[in-house]
Each structure stands twice: as structure tokens, then as C-alpha cells.
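Below: one structure, written as C-alpha cells.
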Amino acid sequence: MESQRNISEFILLGLSYNQNIQKFCFVFFLFCYVSILVGNLLILVSVRCSDLFYQPMYYFLSHLSFMDISYTSCVTPKLIGDLLLARKTISYDNCMLQVFALHFLGMIEILILTIMAFDRYAAICKPLHYLLIMNRTRCHLLVLAAWAGGALHSFPQLLMAIQLPFCGPNEIDHYFCDIFPLLKVACTDTYITGVLVVANSGMVTLVTFVLLFGSYVVILFSLGNRSAEGRRKALSTCGSHITVVILCFGPLIFVYLRPPTSFPEDKIFALFYTIIAPMFNPLIYTLRNTEMKKAMRRVWCQRIFSEEKHN
């Protein structure tokens, strides 16, 4: 592929040229990244060290938290570091790696959200068969299928990116490497590649969103014959999941499900699924979840007590 390009790095234009805005963004995104790490690690450790790990919903939630940490770590640390630099660059190889990692981990996260919706459907609509449907082996297989789906989605994206020729212009109007910004600086007709990206990323996003939305509509309609307490608990859980879906899928649909081109506004929308959604996920899944809050108090209070006793 070396013969198809004569550049070794790309220049990232970032979010803004204004120095004051960059300083504000540095502080804000540093706070966001620390919040993402602390919040998701808190969920991950609390679930893994408690009995909740053996409940399907929390088993999937622990995987979602791991994906949130991994996904945002592909983008946010470099974004924060670049805000302190006058010239923001990324090597060609790291750019291709970032394209692959973002689509791989992002697809896994989307599929885990879909699995969580199926889990809630089974728990609410098929309560008598729930433990049979969501047995431990099936939970493991579903997570494995999510990883396989991530690979099936991301490898074509990587192959399309690697095959793009770059002859000179190397300024990407974004804060990370993605397919559409790369198409803009490639020195060839990229229409077919753009259509393939929309068919891959755009249609996957749309189909997954429709499945998720449909599953929650079915769940909500099935609540009519439940007790008031059962409806309250189900609505609380599903409300949390629907909030996450909207935060994640709204911007994704805007970015990927449209004619193959890129706009300056894409950077703002990308912040929602690369930073904002991973930051709010721990709050959304814990503040309204009594079992999660109890598990956190139990795990962390025991740890503190054990350390004090040891000292």
C-alpha cells in the first residue's frame, strides 16, 4: 500500500482554533475522561465482586462498562493531549489503527446494548422462562457473538481505509480518524467507497436502532397486566436503557446514515458517542437502580472496613 500514498501522517484540525476554547476543552474533557474511568470502573468492580455478576442484566452491564472504557480510551486521551499542542498530528499507521479500534469496539457496544434489550424483553415478557432463556451459557455466547459482530463490521472498514490513496492533502477536519474525513482527503473518486460505508455503518446503525426501539415498544405494551410495583420497576429499568440508546444512536444516525460526506458539525455529534454517552452511562444505570446502589455500598464498604481492620 506504500505506493498509493506519499504521506506518513495526518494533521488533525481538532475542535477549535481558539486558544481559550482549547484550554476550556482541555479541563472539561479531562474531567469527562476521569469521570468515565471512575464511573465505569466502579460499576465493573461492583458487579464482578458481588452476586449481581450472576444476573444476566448486570453481567451484560459489566461488559458495557468495559467497552465504554476501551472505546473512549481510543479517542479521549489523544484529544486531551492535542488540546495542549499547536500542531496536532497522527501517524498513518495509528490513524488506521484508530479507525479499526473505534469501529470494532463501537460495534461491540452497540450489540451489547441490543443484547441488554433482549434480556429485558425476556425478563418482562417471558418471566417464567427467563432463567431458561438467559442461562449462563447463552449469556457467554451472546457476548462472544457481539465480539464476532464487531470484527465482521470493522475489518471491511479497515480494508476500505487502507486502500485509499493519499497524494498530498493531509488535513483532517476532525479530532480523530474516521472513514468519512479520510474520504475527503483521498486523491481518488470515493463515491463507491462512501456508499459502502453508508451500507455498512449506516444500515447497521439504523437496523439496530429499529430493533432496539421495537423491543422496548413491545415491553411497554406488555406492562398493562403487571402490578403497579412491577410496572414501576420495569419502567425505571427500561427508561435507563432507552436514554442510553437515544444518547448513542441519535448522533450515530446523523453521522453515518446520509450521503457519504463530512461536515464540521460531525465533530460535535461525535462527542456524544465518544465521550458524553460513556460518561453518563454509569449515572443512568446506577442512580435509578436500587440493586446496583446496594451492591456498590456492600462491596466498597467491605473493602474499606477490611483495609481499616488490616491496618
Counterpart residues, ring-ring contact (aromatic ring centres under 6.0 Å, His included), relative to [X] (two or more places apart):
X	answer
F53	Y59
F60	none
F272	none
Y130	none

Ignoring hydrogens, what is the shortest heavy-atom contact between [X] and [Y]? Give both atom names and the distance.
X	Y	answer
H63	I112	CB-CD1, 3.8 Å
C74	L105	SG-CD1, 3.6 Å
A161	V99	CB-CG1, 4.4 Å
I80	Y33	CD1-CB, 3.9 Å
P156	A151	CD-O, 4.2 Å
G194	L183	CA-CD1, 3.7 Å

Pairs meeting criterion side chain to side chain donor-acceptor pair (under 3.5 Å) with involvement of residues 168-178, two or more places apart: H103-D178, D173-K267, Y175-T274, D178-Y256
Using only atom types and a distance under 3.5 Å, with no angle test, would you say the side chain of [X] pairs donor to acceptor with the backbone of [Y]?
X	Y	answer
T190	A186	no
D119	I115	no
N94	S91	no
N40	P278	yes
T72	D68	no

Can you tell if the side chain of [X] reaches within under 4.5 Å of the side chain of [Y], non-hydrogen atoms only?
X	Y	value
S201	I179	no
S8	Y92	no
L12	T89	no
N281	L64	yes
S154	L102	no
E265	V255	no
T114	L212	yes
F249	L113	yes

Of all pairs that satisfy salt bridge (Lys or Arg N to Asp or Glu O under 4.0 Å), the ones with a partner from residues 33-55, not counting sequence neighbours: none
Parallel, tilted or perpendicular: ring planes of F104 versus W147, cut at 30 and 60 degrees: perpendicular
[X]: partners by side chain to side chain contact (heavy atoms under 4.5 Å, CB included), with sequence neighbours left out:
X	answer
I192	L196
I21	S16, N18, C25
A277	L247
F254	R258, D266, F269

Verdict with supporting geometry, L85 and D82, side-chain contact (heavy atoms from CB on, under 4.5 Å): CA-CA 5 Å; L85 302 175; D82 283 348; 3.8 Å; yes
Trace of the side-chain contact (heavy atoms from CB on, under 4.5 Å) decision for L206 with V210: CA-CA 6 Å; L206 180 63; V210 170; 4.3 Å; yes
Chi angles and distances behind the side-chain contact (heavy atoms from CB on, under 4.5 Å) call for H140, L144: CA-CA 6 Å; H140 290 321; L144 185 62; over 6 Å; no
Residue list, salt bridge (Lys or Arg N to Asp or Glu O under 4.0 Å) with K88, at least two apart or on another chain: none
Interatomic distance, R120 atom CZ to C125 atom SG [nearest 0.5 angstrom]: 10.5 Å
Pair Y216 + Y121: ring centers closer than 6.0 Å: no
Test of ring centre spacing under 6.0 Å for F10 and F166: yes
F29 atom CZ: more than 12 heavy-atom contacts under 6.0 Å: yes
Whether over 12 other heavy atoms sit under 6.0 Å from Y58 OH: yes
ILVMFWY clustering at 4.5 Å (side-chain atoms), partners of L111: M107, V204
Residues H153, I108; criterion side-chain contact (heavy atoms from CB on, under 4.5 Å); working and verdict: CA-CA 9 Å; H153 166 74; I108 294 173; over 6 Å; no
